[in-house]
Amino acid sequence: MDEFASDGFIEDAGTDAGAPVMHVITNFAASGGAETMLARLLAATRDPAVVVSLIDVSERNQNLAGRLDVDYHSLNAHGAVQMPGAILQLTRLMREKRPRAVLCWMYHAMVVGTVSARLAGAPPVFWTVRQALDDPRSLTRSTRLAVAGGRLLSSRAAGIVYNSARAREQHEQYGYAARYGKVIPNGVVLPDPVERSPRKARVFGIAARFHPQKDHLTFFRAAAQTAAQFPEARFVAAGHGLDEQNGDVMAMVADAGLDPSRLKLLGELRDMEAFYSQIDVLVLSSRTEGFPNVVAEAMSHGRPVVTTDVGDAAYIVADTGKVVSPGDPDALSEAMADVARLTAEEVADLGRRARQRVEENYQVTHILDEYREVLSQRVPA
């Protein structure tokens, strides 16, 4: 365990064991990895908690947390113009709730949360960085500005939790306060095992919101090449924006030369178990990630993974799947074809080993203990 320490600006307020932990997150209405991980942490503990979202809070995430006693607040800061008001609102909430620790999730929340904590004289502020910097060009301008702001403020944080070793290395090289860093991977709720007859890999699925960093065009191009080799191959895409009403998605499919009849667009799903049950292989085509939740989740369902080498994806998959360079549809297609050529028994064996790897390394109960250890650190005033 790395020792966390502050530079002395934080006052020793709200350190009572019964005081809540305040989680500050950019948008708890989204359904990405950070939001899911926070919901899982809330669900796995009964410690008092306050969740403050800079934008909004969704019913989906509240249900996933399953906690009626959590105090949720939405600041409705949808853009830069609303951020000063969000800082003032958050400052008032910190003074009112007197949390024993503040945990900021994602870049915008890290910046706003740290400024508010300084104004409020709040207790220790910890950051959790959910993103590697594999390809900063794939990030929005707003996110790039927040990353830069984080570098300027990082010495103010009592500690920084990274969800991948690559994210820690890249952020420390960029100038984040490396001596306070710790890597805690995302945790997965292990589903009950479901027996199914071994079958060849013919259904390839991707689950990611429609965003440049997810690089769906590379997936669609690789899918088109794979379809040309395997007439029975089919493809499934789930995630916010992945539906037939999205003209940009349909243009990408056409540009890739993928027959739309061989692609099922599911949009954003509430029931991911249904998604995993209908695919044989998960594909991740991202240009950048931290710890991609979807990779570990698919493995927990016994599905082998073909992924780009982003964040800690290669480490998570290890020898239970295939890893290729990002932005290369030829390499991605070749890896998909390699899995498609395996026998049904070989595919089943990959799936069994994938689940075993998650069971041994990434169960949420183990991850919760690591977060508790961080948040229990005594930080000198």
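Here, residue 1 is the first one in the sequence, and each next residue gets the next number. Just so we're clear, the structure is a prediction, and the values are computed from it rather than from any experiment. Quick note: numbers below take in every heavy atom, side chains included, and nothing from hydrogens, waters or symmetry partners.
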Flag for [Y]-[X]: side-chain donor and acceptor within less than 3.5 Å:
X: Q229; Y: T226; answer: no
X: H211; Y: S138; answer: no
X: N76; Y: S74; answer: no
X: W127; Y: T114; answer: yes
X: R372; Y: T45; answer: yes
X: T128; Y: R130; answer: yes
X: Q131; Y: N163; answer: no
X: E359; Y: Q363; answer: no

Exercise. Do the ring centers of H23 and Y72 come within less than 6.0 Å of each other?
Worked result: no
Ion pair [X]/[Y], N-O distance below 4.0 Å:
X: R262; Y: D259; result: no
X: E96; Y: R92; result: no
X: K214; Y: E289; result: yes
X: R199; Y: E346; result: no
X: R303; Y: D280; result: no
X: D255; Y: R221; result: yes
X: D309; Y: R166; result: yes
X: R209; Y: E268; result: no

Exercise. Any chain of hydrophobic side-chain contacts (each under 4.5 Å) joining L90 to V102?
Worked result: yes
Exercise. Nearest 0.5 Å, what's the OG-CZ distance between S285 and F219?
Worked result: 7.0 Å
Exercise. Does the pair H216 and F220 meet the rule for a side-chain contact (heavy atoms from CB on, under 4.5 Å), with working shown?
Worked result: CA-CA 6 Å; H216 285 87; F220 293 141; 3.9 Å; yes
Looking only at heavy atoms, which two atoms of [X] and [Y] are closest? And how far apart?
X: A109; Y: T26; answer: N-OG1, 3.4 Å
X: I316; Y: R357; answer: O-NE, 2.7 Å
X: P326; Y: S286; answer: CB-O, 3.7 Å
X: T36; Y: N293; answer: CB-ND2, 3.9 Å

Does [atom1] in [X] sit with more than 12 non-hydrogen atoms of other residues, nucleotides or ligands closer than 6.0 Å?
X: Y315; atom1: OH; result: no
X: E334; atom1: CD; result: no
X: H240; atom1: NE2; result: no
X: R46; atom1: CZ; result: yes
X: R137; atom1: CZ; result: no

Exercise. According to the interplanar angle, ranging from 0 to 90°, do the rings of Y362 and F291 count as parallel (below 30°), tilted (30 to 60°) or perpendicular (above 60°)?
Worked result: perpendicular
Problem set entry | Derivation of the side-chain contact (heavy atoms from CB on, under 4.5 Å) call for V294 and L284 | CA-CA 8 Å; V294 69; L284 186 80; 4.0 Å; yes
For this session: Start with the C-alpha distance between I279 and L282, add both sets of side-chain angles, then the distance that settles side-chain contact (heavy atoms from CB on, under 4.5 Å), and finish with yes or no.
Result: CA-CA 7 Å; I279 67 170; L282 179 89; 4.2 Å; yes
For this session: For a side-chain contact (heavy atoms from CB on, under 4.5 Å) with N27, tell me which candidate from N61, V57, I55 qualifies.
Result: I55
Problem set entry | Axial cation check for F126 ring with R100, 6.0 Å and 45° limits | no
For this session: Determine, stepwise, if the pair F275 / H301 fulfils ring pair (Phe, Tyr, Trp, His ring centres under 6.0 Å).
Result: CA-CA 10 Å; F275 169 79; H301 285 268; 9.5 Å; no
For this session: Under the side chain to side chain donor-acceptor pair (under 3.5 Å) rule, what do S154 and H171 come out as? Steps first, then yes or no, please.
Result: CA-CA 10 Å; S154 60; H171 283 79; over 6 Å; no
Problem set entry | CA sep, side-chain torsions, deciding dist, call: F235, M336, side-chain contact (heavy atoms from CB on, under 4.5 Å) | CA-CA 11 Å; F235 308 93; M336 292 163 67; 3.8 Å; yes
